Amino acid sequence: MNLKLPLALTAALLTSMLAVQAQAADGEAIFEDNCAGCHDGGGAPQIGDNDAWQSRIDEGMDELYASAINGVGGMPAKGGNADLTDDEVKAAVDYIVDESE
């Protein structure tokens, strides 16, 4: 029996799972460092408030990502931190959505 293929698939799956976990952890850290000031006690929709987020979530992740990356209403692009990459902003958005559904 050739175990190379199953082992390679297992390794690929584990690597992918670890990357997803790291991104989730990064999303929380990015949120805490850049977003919490407004989304955890400021005037922006509060993290965890399903009523405030549901209509935004219903518009789709692409819309949420675009709003966070480009700015919307009183929120500046990337929450005011131009040094964030689009992927970092998306990780923070993913964290907010996960906590608010």
Side-chain angles (χ1 to χ4, degrees):
M1 177 180 216
N2 184 352
L3 294 178
K4 288 183 180 179
L5 183 58
L7 289 175
L9 289 174
T10 301
L13 287 172
L14 286 173
T15 300
S16 176
M17 288 170 45
L18 290 173
V20 168
Q21 288 175 342
Q23 183 178 10
D26 289 344
E28 182 177 5
I30 292 164
F31 171 83
E32 293 297 332
D33 291 343
N34 299 278
C35 314
C38 294
H39 288 283
D40 195 18
Q46 301 300 290
I47 189 168
D49 183 345
N50 180 268
D51 292 336
W53 284 100
Q54 194 56 56
S55 64
R56 292 167 173 89
I57 293 168
D58 289 345
E59 291 179 16
M61 293 304 293
D62 289 339
E63 286 294 320
L64 282 172
Y65 294 147
S67 293
I69 291 168
N70 301 314
V72 64
M75 186 183 87
K78 297 182 177 183
N81 185 350
D83 292 334
L84 291 174
T85 67
D86 288 357
D87 286 339
E88 288 172 325
V89 174
K90 289 178 181 180
V93 169
D94 290 342
Y95 172 73
I96 291 170
V97 168
D98 287 345
E99 295 295 312
S100 301
E101 286 189 304

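None of the values given here were measured: they were computed from a predicted structure. Atoms considered below: every heavy atom in the structure, side chains included; atoms not considered: hydrogens, waters and symmetry mates.
Closest approach of Glu88 to Asp83, counting heavy atoms only: OE1-O, 4.1 Å. The two residues Ser100 and Asp49 have their closest heavy-atom pair at OG-N, 4.2 Å. Nearest heavy atoms, Val89 versus Ala68: CG1-CB, 3.5 Å.
For residues 44-92, the ring-ring contact (aromatic ring centres under 6.0 Å, His included) pairs, not counting sequence neighbours, are His39-Trp53.
In the hydrophobic cluster analysis, where Ile, Leu, Val, Met, Phe, Trp and Tyr join through side-chain heavy atoms closer than 4.5 angstrom, Met61 is grouped together with Phe31.
In terms of the salt bridge (Lys or Arg N to Asp or Glu O under 4.0 Å) criterion, residue partners of Asp86 (sequence neighbours excluded) are, by chain and number, Lys78. Glu99 meets the side chain to side chain contact (heavy atoms under 4.5 Å, CB included) test with Ile47, Tyr95; sequence neighbours excluded. With sequence neighbours excluded, no residue satisfies side chain to side chain contact (heavy atoms under 4.5 Å, CB included) with Ala77. In this structure, the side chain to side chain donor-acceptor pair (under 3.5 Å) partners of Gln54, at least two apart in sequence or on a different chain, are Asn50, Asp58. Applying the side chain to side chain contact (heavy atoms under 4.5 Å, CB included) criterion to Asn70, with sequence neighbours excluded, gives Ala66.
Arg56 places none of its side-chain heavy atoms less than 4.5 Å from the side chain of Val97.
Without hydrogens or angle criteria, Glu63 side chain to Ile57 main chain gives no donor-acceptor distance under 3.5 Å.
Atom OG1 of Thr85 is separated from atom NZ of Lys90 by 9.5 Å, given to the nearest 0.5 angstrom. Residue Ile96 holds its CD1 atom at 10.5 Å from CD of Gln46, rounded to the nearest 0.5 Å. To the nearest 0.5 angstrom, Asp94 atom CG is 10.0 Å from Asp87 atom CG. We find the CG-CG distance between Leu84 and Asn34 to be 4.5 Å, quoted to the nearest 0.5 Å.
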